[in-house]
Amino acid sequence: MKRLLMITVALLPLVVAAQARIGIVNSQQLFDLMPEKAAAEAQLKALSDKYHAEYELLQGEFDKKYADYQTIASDASMPETIKARRVQELQESDKKMREFERSAADDIAAQRTALTQPIADRVQAAIRKAGEQGAFDLVLDTAVTPVAYTGPATIDITPMVKTLLGLE
């Protein structure tokens with residue numbers, strides 16, 4: 001009797017696992033299909049273009065200062081203090097450009113998050129809803145976790161989520 005009870009307890013997880021409903025979904029595919037994504041990308045491109053134009057102005061200033069420095073650097077009659085001041089101006093201009101690049105990259109990254117996070121949240125909410133509606137015990141996101149194999153009992157809920165998002 002004890003043996004039978006131990007065998008039953010040992011096999012119980014296998015029986016429960018065999019009855020689990022498992023779904024898969026590709027959240028990246030869904031995200032890419034969202035109409036809001038194109039608008040977000042357009043806003044990010046416009047912002048990036050503005051930063052690029054400003055950087056070009058800074059680069060032009062630097063190039064002009066560098067050309068001026070090259071002119072006076074080879075002039076033996078130019079006092080060393082003026083040459084040193086021009087070198088300092090070049091270093092400050094270079095530092096200004098590097099700081100601008102960093103702040104622009106940080107701002108673009110923050111804007112990307114602000115624009116795309118609501119879209120990703122909408123996709124995740126639809127995935128949860130599809131999982132609940134389909135009574136799934138587990139939904140794996142193939143965009144995040146590579147799945148080497150799915151058996152015939154695994155159900156791709158991507159079409160269900162598309163319907164919930166109004167993409168079909």
Side-chain angles (χ1 to χ4, degrees), residues 21-75 78 82-150 154-168:
R21 284 182 45 97
I22 299 173
I24 59 170
V25 68
N26 187 329
S27 64
Q28 185 62 50
Q29 177 189 28
L30 295 165
F31 182 85
D32 291 342
L33 292 172
M34 296 295 287
E36 301 96 321
K37 182 185 177 222
E41 285 177 343
Q43 286 181 323
L44 288 171
K45 181 170 179 357
L47 180 64
S48 179
D49 290 347
K50 287 177 186 175
Y51 277 123
H52 183 71
E54 184 64 23
Y55 183 79
E56 290 295 317
L57 290 174
L58 291 172
Q59 183 69 50
E61 289 175 17
F62 179 84
D63 291 345
K64 184 182 178 318
K65 287 179 184 179
Y66 185 71
D68 291 345
Y69 171 73
Q70 283 184 320
T71 302
I72 66 164
S74 59
D75 185 356
M78 188 63 67
I82 292 176
K83 290 179 183 179
R85 185 175 61 82
R86 295 288 173 94
V87 168
Q88 183 180 5
E89 286 176 2
L90 280 171
Q91 290 170 340
E92 288 170 3
S93 185
D94 181 56
K95 181 181 176 186
K96 185 177 171 182
M97 286 178 14
R98 283 186 279 126
E99 288 172 356
F100 179 79
E101 278 182 302
R102 262 193 304 277
S103 67
D106 290 347
D107 187 40
I108 290 171
Q111 288 296 320
R112 180 180 314 283
T113 299
L115 291 169
T116 59
Q117 191 60 52
I119 302 167
D121 290 345
R122 229 180 112 209
V123 168
Q124 288 302 315
I127 291 170
R128 274 191 298 282
K129 189 172 182 178
E132 291 168 1
Q133 286 179 353
F136 288 93
D137 297 306
L138 175 68
V139 176
L140 298 173
D141 186 352
T142 58
V144 177
T145 306
V147 177
Y149 171 76
T150 58
T154 305
I155 300 166
D156 184 358
I157 67 167
T158 304
M160 293 169 57
V161 180
K162 283 181 183 178
T163 302
L164 288 171
L165 290 169
L167 298 174
E168 286 189 341

Interatomic distance, CG@L165 vs CE@M160, rounded to 0.5 Å, equals 12.0 Å

Return the minimal non-hydrogen interatomic distance between L164 and A126, and the atom names on each side. CD1-O, 3.5 Å

Take I24 and T154 through the test side-chain contact (heavy atoms from CB on, under 4.5 Å) and record every step on the way to the result. CA-CA 7 Å; I24 59 170; T154 305; 3.6 Å; yes

With under 30° as parallel and over 60° as perpendicular, where do the rings of F62 and Y66 fit, or are they tilted in between? parallel

Contact between K162 and Q29 at the side-chain level, heavy atoms closer than 4.5 Å - yes or no? yes

What is the distance from atom CG of D63 to atom NZ of K65, rounded to the nearest 0.5 Å? 11.5 Å

Straight-line distance of L167 CG to L33 CG, nearest 0.5 Å: 6.0 Å

Out of K95, Q88, K96, which residue meets the side-chain hydrogen bond (donor to acceptor under 3.5 Å, both in side chains) rule with E92? Q88

Out of curiosity, H52 NE2 to Q59 CD, how far, rounded to the nearest 0.5 Å? 10.0 Å

CG (L30) and CD1 (I119) are apart, to the nearest 0.5 Å, by 12.5 Å

Between G131 and V139, what is the shortest heavy-atom contact and its length? CA-CG2, 4.3 Å

Backbone of V25 reached by a side-chain donor or acceptor of T142 within 3.5 Å: yes

List the atom pairs, donor and acceptor, that lie under 3.5 Å between side-chain atoms in residues 38-48 and the rest of the protein, sequence neighbours left out.
{"from": "E41", "atom 1": "OE2", "to": "K37", "atom 2": "NZ", "distance (Å)": "3.2"}
{"from": "K45", "atom 1": "NZ", "to": "D49", "atom 2": "OD1", "distance (Å)": "3.4"}
{"from": "K45", "atom 1": "NZ", "to": "D49", "atom 2": "OD2", "distance (Å)": "3.1"}

For the atom pair OH (Y69) and CZ (R85), what is the distance rounded to the nearest 0.5 Å? 13.0 Å

Please tabulate, for the side chains in residues 103-112, all donor-acceptor contacts under 3.5 angstrom to protein atoms that are two or more places apart in sequence or on a different chain.
{"from": "S103", "atom 1": "OG", "to": "E99", "atom 2": "O", "distance (Å)": "3.3"}
{"from": "S103", "atom 1": "OG", "to": "F100", "atom 2": "O", "distance (Å)": "3.1"}
{"from": "D107", "atom 1": "OD2", "to": "Y51", "atom 2": "OH", "distance (Å)": "2.5"}

